[in-house]
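Working notes, beginning with the structure itself.
We count ligands from 1, going down the list as the structure has it; atoms in each ligand are counted the same way. In what follows, residues are counted from 1 in the order of the sequence shown.
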Amino acid sequence: MVSSSTGEMFTMSRPLHAFLLNIPLLTLFLTLTAANSEHYNPSRCKAIPGTAGWPSTESWVRLNESTGGRLLQPSPPGAVCHPGRPTYNATDCARVRTGWFTYEFHQADPVSTDWNQWNNDSCLPEPSYPCSGQGYPVFVINATTAHHVKLGVDFARKHNVRMVVKSSGHDFLGRSVAPNSLSIWVHHIKGLQPHGSFLPKKCKVTIDSTVVTVGGGSQMMELYSTLDALNQTVVGGGGKTVSVGGYLTGGGHGLLAPRYGLAADQVLEMEVVTPTGEIVTANECQNRDLFWSMRGGGGSTFGILTSATIKTFPSPKLLHLELVIATTDTKNLTIFDMVAYFLSQFPSLGDQGLSGYSFFFSAIPNPLDGGATTVGGLLMSAVLQDTSDPTALNDLMAPVLTHIATTWPNQFLILNQTTAYPSFYAWYQKNYDTSSAGTNSFTGSRLLDARALTANLTLNAQVFKRFSGSGIGTAYLISGKGVHSAEPRGGGNAVCPAWRKAYVHATFGVGFPPLNATARNDALDRINYYLEPMREQLAPGSGAYVNEANPEEPDWQHQFWGNNYDRLVRIKRRIDPDDVLWCSPCVGNERWREEDGGNQLCRVPQ
Ligand SMILES: Cc1cc2nc3c(=O)[nH]c(=O)nc-3n(C[C@H](O)[C@H](O)[C@H](O)COP(=O)(O)OP(=O)(O)OC[C@H]3O[C@@H](n4cnc5c(N)ncnc54)[C@H](O)[C@@H]3O)c2cc1C
Ligand SMILES: *[C@@H]1O[C@H](CO)[C@@H](O)[C@H](O)[C@H]1NC(C)=O
Ligand SMILES: *[C@@H]1O[C@H](CO)[C@@H](O)[C@H](O)[C@H]1NC(C)=O
Ligand SMILES: *[C@@H]1O[C@H](CO)[C@@H](O)[C@H](O)[C@H]1NC(C)=O
Ligand SMILES: *[C@@H]1O[C@H](CO)[C@@H](O)[C@H](O)[C@H]1NC(C)=O
Ligand SMILES: *[C@@H]1O[C@H](CO)[C@@H](O)[C@H](O)[C@H]1NC(C)=O
Ligand SMILES: *[C@@H]1O[C@H](CO)[C@@H](O)[C@H](O)[C@H]1NC(C)=O
Ligand SMILES: *[C@@H]1O[C@H](CO)[C@@H](O)[C@H](O)[C@H]1NC(C)=O
Ligand SMILES: *[C@@H]1O[C@H](CO)[C@@H](O)[C@H](O)[C@H]1NC(C)=O
Ligand SMILES: CC(=O)N[C@H]1CO[C@H](CO)[C@@H](O)[C@@H]1O
């Protein structure tokens, strides 16, 4: 039943879903030039330790007391592996080395982040590498309440200390960590309260929808599992530990987005600590500009989210399709003609209710024979909602698969498997994102609309071939009708306007070795090389998804926010006149730049 033109029999050596989502998806950069602290200028730069501008020990002690002892001064987590360091401990080191490749490890640590370059590779859990700890925050407030956050924000503003916000530390762009900073760690701001309907504060009209109010550090798995007990779910992401803090503020895509809109479109109210230290409610009736910008304008820019109220939906039953269309004839250029054709069907398949994740490649170790051969082609993990009847999927896919079989006879092995799940959560528990962390990597992104996917398949074959040069290109079918027609409360939100036409978020990762500036710069060059034809030929007027993008995306202001950018900057200037929140690439950050190898954050001279 399963055969290819090469006559090989493929046997499933491991669950397909694990392979499908086990892709190295990764990120980032910092233009680091030679260090030279002599250029420190207190009036122009944020304070750094060891200089007169840095707050006194007494000030830090008082901050600690005011938070009830929640101020931490953490060691870099990798320091337990370095014999010279006070925290050296071989037992702990073994634990850290194992945990390093998991998201769970980094989210649970006060300062660690998933992609090593954002901590400047400055203390990897490997004794042969250096461990300076430079690159990590100096102090952390382990916040559990909005008031703790406020105390940190007021302190950073008053003392001219660089400040960052960390939740899970998953950020592909390095926005949740910075050297010589005070970090507001929101991971432990939890809470999860479902409601049958919702009256936003100071509004007169009750919103007739099931909703859930969650803490700013809440994570996908907590939402899914708690809501499942009510037969509900949310528009959420694939990673178990992704937190609402970065996800909702960046946009938030997921399998249910093509039906209901992006995650940011579901937000009805936010509690926010503003850069001036006020704890405010933002919704369609008050602080409307803040409400608009916090839904898509990016994390750690307009304020710190301490709670969000978002719409929930009945959890749909799902039919899951796992599909492989591949060949061992990896030199055959028709692979990308097939890929271009398959992706050209996404607008139509999406309009008929399909959503999911596809991966294409010219040559990867064959997952079906344990890597003995290589294959080129594509894989897809997709779902159809509200049905358990496999014929619904067969009817949808048959014309597409028949077209491939007849256009490229005997070339591609087509292998599919359909599974029915009673709820979103039942599906999720088997099909969550199983990728791993703890490496050095950058990502790239492009949003593709129907025209880009269908206009010229000759062009698309070339462009997708180049895009997959990273190893595996991905095309997530996670936008569509629901995103195009979404009506976010309050008359709109700040997500990149390109989402409102897109069907596909195309993304990929490029890894590189640590402590090698050449390799890091090469990785960034490669990201640009793979993305260039998508930007310039396939989808020039479109944009990129900020949360899974190239941190050095040219013209990032407009690629991430389109014509919302100017309004976002005006709001940023009003809400954060002193730039208490600063990150890169983030709205309105143009007045400051990193200097001295990234050690200092300084005003750009006028
Ligand atoms: C395994 C994995 C799977 C993913 N799957 C998806 C997916 O399916 N869909 C999708 O859209 N994205 C997905 N992403 C990308 C994800 O949206 C981003 O990585 C996002 O930035 C994570 O947010 P975080 O709060 O968990 O991470 P963090 O790194 O802690 O924070 C990210 C950014 O948000 C800021 N931030 C965090 N919390 C707050 C807060 N409370 N208030 C203000 N700012 C805050 C940080 O300062 C930083 O700028 C995935 C990422 C990973 C690693
Ligand atoms: C803050 O106070 C707590 C409790 O008093 C203490 O355990 C902790 O070490 C202090 N933090 C710092 C950074 O000194
Ligand atoms: C090393 O860590 C282990 C486990 O955390 C602990 O039990 C042990 O006491 C530590 N050893 C030293 C010398 O601190
Ligand atoms: C942070 O606070 C949470 C909640 O109080 C606590 O469980 C956790 O142990 C704290 N983490 C650290 C590193 O102090
Ligand atoms: C959830 O759905 C199941 C199966 O239909 C039903 O038995 C159960 O009562 C529902 N639970 C709630 C809280 O509605
Ligand atoms: C690709 O493979 C097909 C089927 O094996 C074959 O007919 C075709 O000639 C090949 N094309 C090239 C360019 O090798
Ligand atoms: C399609 O793209 C190819 C490759 O770039 C180009 O040669 C061709 O002219 C394009 N066709 C049309 C109709 O634009
Ligand atoms: C650093 O990376 C470059 C480019 O990838 C490579 O050529 C070089 O050998 C690497 N240097 C070291 C010391 O590993
Ligand atoms: C990062 O590390 C490099 C050396 O690897 C150093 O030159 C630079 O100053 C460091 N930057 C920060 C911010 O620590
Ligand atoms: C959804 C889909 O493509 N289903 C096909 C899977 O493969 C069988 C044959 O093994 C076909 O009958 C289905 O139509």
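When non-hydrogen atoms are compared, ligand 1 lies under 4.0 Å from the side chain of D433 (C-beta onward) but not from its backbone. At a 4.0 Å heavy-atom cut-off, ligand 1 does not touch Q107 at all. With a heavy-atom cut-off of 4.0 Å, D171 touches ligand 1 through backbone and side chain alike.
Residue R70 has no N or O atom closer than 3.5 Å to an N or O atom of ligand 2. The distance criterion of under 3.5 Å between nitrogen or oxygen atoms is met by L71 with respect to ligand 2. Taking only nitrogen or oxygen atoms, main chain and side chain alike, K166 does not reach within less than 3.5 Å of ligand 1. Residue M294 has no N or O atom closer than 3.5 Å to an N or O atom of ligand 1.
Here Y224 and Y428 bring their ring centres to under 6.0 angstrom of each other. When ring centroids are compared, W100 and H106 come within the 6.0 Å threshold.
Relative ring orientation between W60 and F155 is described as tilted, the plane-to-plane angle lying within the 30° to 60° band. In this structure, Y357 and Y476 have perpendicular ring planes: the angle between them is above 60°, well past the 30° mark. Under the 30°/60° scheme for interplanar angles, the aromatic rings of W556 and W561 are found to stand perpendicular.
At least one protein heavy atom sits closer than 4.0 Å to atom 11 (N) of ligand 2. For atom 4 (C) of ligand 5, the nearest protein heavy atom lies 4.0 Å or farther away.
If you number the atoms of ligand 2 from 1 as listed, the ones under 4.0 Å from a heavy atom of G69 come out as 1 (C), 2 (O), 3 (C). Heavy-atom contacts of G238 reach the following atoms of ligand 1: 5 (N), 7 (C), 8 (O) (cutoff under 4.0 Å). Per-residue contacts place S167 under 4.0 angstrom from the following atoms of ligand 1 (heavy atoms of the residue considered): 25 (O), 30 (O), 37 (C), 38 (N).
A salt bridge links R500 with D265: the closest approach of a Lys/Arg side-chain nitrogen to an acidic carboxylate oxygen falls below 4.0 angstrom. Under 4.0 Å is where a charged nitrogen must lie from a carboxylate oxygen, and between D171 and K166 no such pair does. Salt bridge status for K158 with D154: absent, with no side-chain N to carboxylate O gap under 4.0 Å.
Between R175 and N547, the side chains place a donor N or O and an acceptor N or O closer than 3.5 Å (distance only, hydrogens not considered). A donor and an acceptor atom, one from each side chain of E548 and H505, are located under 3.5 Å apart.
In terms of protein heavy-atom proximity, atom 13 (C) of ligand 5 is nearest to A229 O, 3.5 Å. Looking from atom 9 (O) of ligand 5 to the surrounding protein, the closest heavy atom is N231 ND2, 4.7 Å.
Using a 4.0 Å heavy-atom cutoff, G303 is listed among the residues neighbouring ligand 1.
In this structure, of T67, N64, V138, N142, the residue bringing a heavy atom nearest to atom 6 (C) of ligand 2 is N64.
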